[in-house]
Amino acid sequence: MTAQQTPLEYLPPDLNRELLPKHVAVIMDGNGRWAKRQGLPRIMGHKRGVDALKDLLRCCKDWGIQALTAYAFSTENWGRPQEEVDFLMTLFQRVLRQELRKMVEENVQIRFVGNLTSLPPALQAEICRSVEETKDNRGIRFTVATNYGGRQEIVQACRAIAHKVQQGLLQPDEIDEATFERHLYTSGICDPDLLIRTSGEMRVSNFLLWQIAYSEIYITDTLWPDFDRSEFHRALCAYQQRERRFGKV
Ligand code: FPP
């Protein structure tokens, strides 16, 4: 079978199953620009962005990737126009409600990272429900970074560790990388092997600052709503060409 004839759900034959990233993280950038180019309001870009994310999650599942983390809303995104923020919060809530049954059926385990306590209560309730109902699923682990900031995550980890030291539960000399990682929101999730950023920007924008220490970074000019299976295939091909040395020779 040639690459052209391979059914969509199968891993393309030019990809090596053994060399797939276990965990892919995405910075979904370019929704606003996509909408502008189509002459549509920005919110339409976010709506199409959800479709692109759903397709990517299904693709990761089909191709045997174990974990996907998506940057949905950063601690800095509150600075956007109020109506866009409100739209995004309502969109997250609606998508979670609509997709929960399918996630349960498809064995997706969803979790959220970020400071969730300042999200609208109705969204928090939807988040709790989706986490609870998928917690025993053992298929792909889907993590959504919502009101997430890498610096904020590191500060809250330091604070939690400092409290334990103050209470005598931990000695300063016992604090090592493993201890630190256990206090991050991402505790228990392996670090991303591949970080993808769409829309051409060359920055990490406060995303998973600790966790991406050795991630391979792939940047494409494609805007997020246009990031489809063939784009993901291209990103994986590029990843498989990389030589990962983790600081060694
Ligand atoms: C960045 O594009 C995108 C966002 C801030 C929102 C991303 C959110 C989604 C795609 C929805 C995810 C949904 C769930 C349920 C997890 P931008 O607005 O910064 O685009 P621009 O740089 O072109 O203005």
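Scope of the values below: all heavy atoms of this structure, side chains included, with no hydrogens, waters or symmetry mates. One-based numbering, in listed order, for ligands and for the atoms of each.
- Among pairs with a residue in residues 14-57, none fulfils ring pair (Phe, Tyr, Trp, His ring centres under 6.0 Å), at least two apart in sequence or across chains.
- Between Phe73 and Phe92, the ring planes are perpendicular. Angles over 60° get that label, and only those under 30° would be called parallel.
- Ligand 1 is surrounded by Met28, Asp29, Gly30, Asn31, Gly32, Arg33, Arg42, His46, Gly49, Val50, Leu53, Ala72, Asn77, Arg80, Phe92, Val95, Val144, each with at least one heavy atom closer than 4.0 Å.
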Worksheet item: Taking it one step at a time, do Tyr10 and Trp63 satisfy ring-ring contact (aromatic ring centres under 6.0 Å, His included)?
Response: CA-CA 6 Å; Tyr10 292 116; Trp63 292 357; over 10 Å; no
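- When the side chain to side chain contact (heavy atoms under 4.5 Å, CB included) test is applied to Asp86, the partners found at least two apart in sequence or on another chain are Gln82.
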Worksheet item: Are Asp176 and Thr179 close enough, and set up right, to give a side chain to side chain donor-acceptor pair (under 3.5 Å), and what steps lead you there?
Response: CA-CA 5 Å; Asp176 56 12; Thr179 315; 2.6 Å; yes
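- The hydrophobic cluster containing Leu169, built from Ile/Leu/Val/Met/Phe/Trp/Tyr side-chain heavy atoms closer than 4.5 Å, comprises no other residue.
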